[in-house]
Q: 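Sharing a structure with you now.
Heavy-atom basis, side chains included; hydrogens, waters and symmetry copies ignored. First listed ligand is number 1; within each ligand, the first listed atom is number 1. Just so it is clear, the model here is predicted, and its values are computed rather than measured.
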Amino acid sequence: LYGRGQPVSMQNLRELRKFCNEYKLKIIYDATRSSENAYFIREREKGYENTPIVEILNEMMSYSDGCIYSSKKDCLVNIGGFLATHDKDIFEATRSMVVVYEGLHTYGGMAGRDMEAVARGLREGAQYEYLKYRVNQVRYLGDLLMEASVPIVKPTGGHAVFLNALEFLPHLSRDQWPAQTLSAAIYEDSAVRSMERGAISKGRDSETGENIFPKLELVRLTIPRRVYTNTHMEYTANSIVNLYEKRESIPGLKMVYEPKYLRFFQARFEQLSL
Ligand SMILES: Cc1ncc(COP(=O)(O)O)c(C=O)c1O
């Protein structure tokens, strides 16, 4: 569900279920941002205008055999995650694995207090008023950037605004890592942390060892829930708009340290001259 904060429609989930039934395939969602997704279904999909979010979520989940869930997002908690399923075979098989990896299923790897917080957060994060505030704060940042013609992925997603680095920094070649460059420039200018989602994240072809340059080279500005005010959105937008106005003066980067795994977390870079 939910690539780049763009929702999947109920229609799509229904069709996927039908397709998988035909081929006897199971469906396990990554339901991490399913409440924000449900909000978009209510906002955009005909017939759901007045449906409570929890009902939308129940219908979404009814088309799956289960889900994995990182609770740090729509559950509004600091830590935790879970796998849920209504398939008895998956349940039995995975319950045994919990003992090996986490502890007995009755206590798992998480403290009881943290599990209680997840249970409450799941309900609270599915409240319509909360989701309206959440999605609209992200949209506000997207609107401020669009007003200044900064290239972003449209429409604005539910948890993040994605900047299009190839359009933002067209003077850089792909091997000068435009998205990484833009992310570093934003941090230098404003101390706002973002995330490269482009060639650095994509890594190398496992057979040829060559860098893979995907079609999109993006910078993700993910907004933590219930942390920032709209003034923070304005501060962030101001910095990015200022950078956009002087974009031709931003030099590219050279990768000077590349770890074997997860280079998007650990690599190091040096600034090139213009
Ligand atoms: C949709 C989705 N699934 C999974 C994860 C990973 O979560 P965790 O860090 O809890 O493994 C993320 C994190 O950004 C996410 O957005």
Q: Taking 4.0 Å as the limit for heavy-atom contacts, which would you say applies to H159 with ligand 1: side chain only, backbone only, both, or neither?
A: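 Contact part for H159 vs ligand 1: neither.
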Q: Are any of the heavy atoms in K73 under 4.0 Å away from ligand 1?
A: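 Heavy atoms of K73 do come under 4.0 Å of ligand 1.
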Q: Considering N37, D74, D30, which one's heavy-atom position lies nearest to atom 4 (C) of ligand 1?
A: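 Answer by nearest heavy atom: D30.
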Q: Return yes if some donor-acceptor pair links the side-chain N/O of R225 with the main-chain N/O of C75 below 3.5 Å, else return no.
A: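 No, the answer is negative, given that no donor and acceptor are paired below the 3.5 Å cut-off.
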Q: Under 3.5 Å, sequence neighbours excluded: what are the donor-acceptor pairs made by side chains of residues 89-100?
A:
unit_1: E92; atom_1: OE1; unit_2: R95; atom_2: NH2; d: 3.3
unit_1: E92; atom_1: OE2; unit_2: K88; atom_2: NZ; d: 3.4
unit_1: T94; atom_1: OG1; unit_2: I90; atom_2: O; d: 2.6
unit_1: T94; atom_1: OG1; unit_2: F91; atom_2: O; d: 3.3
unit_1: S96; atom_1: OG; unit_2: E92; atom_2: O; d: 3.1

Q: Can a donor-acceptor pair be found, under 3.5 Å and without considering hydrogens, that links the side chain of T85 to the backbone of D65?
A: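 Indeed, once roles are kept as given, a pair shorter than 3.5 Å links the two residues.
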Q: What residues, two or more places apart in sequence or in another chain, satisfy salt bridge (charged side-chain N to carboxylate O under 4.0 Å, His left out) together with D114?
A: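 Salt bridge (charged side-chain N to carboxylate O under 4.0 Å, His left out) check on D114 returns nothing, list empty.
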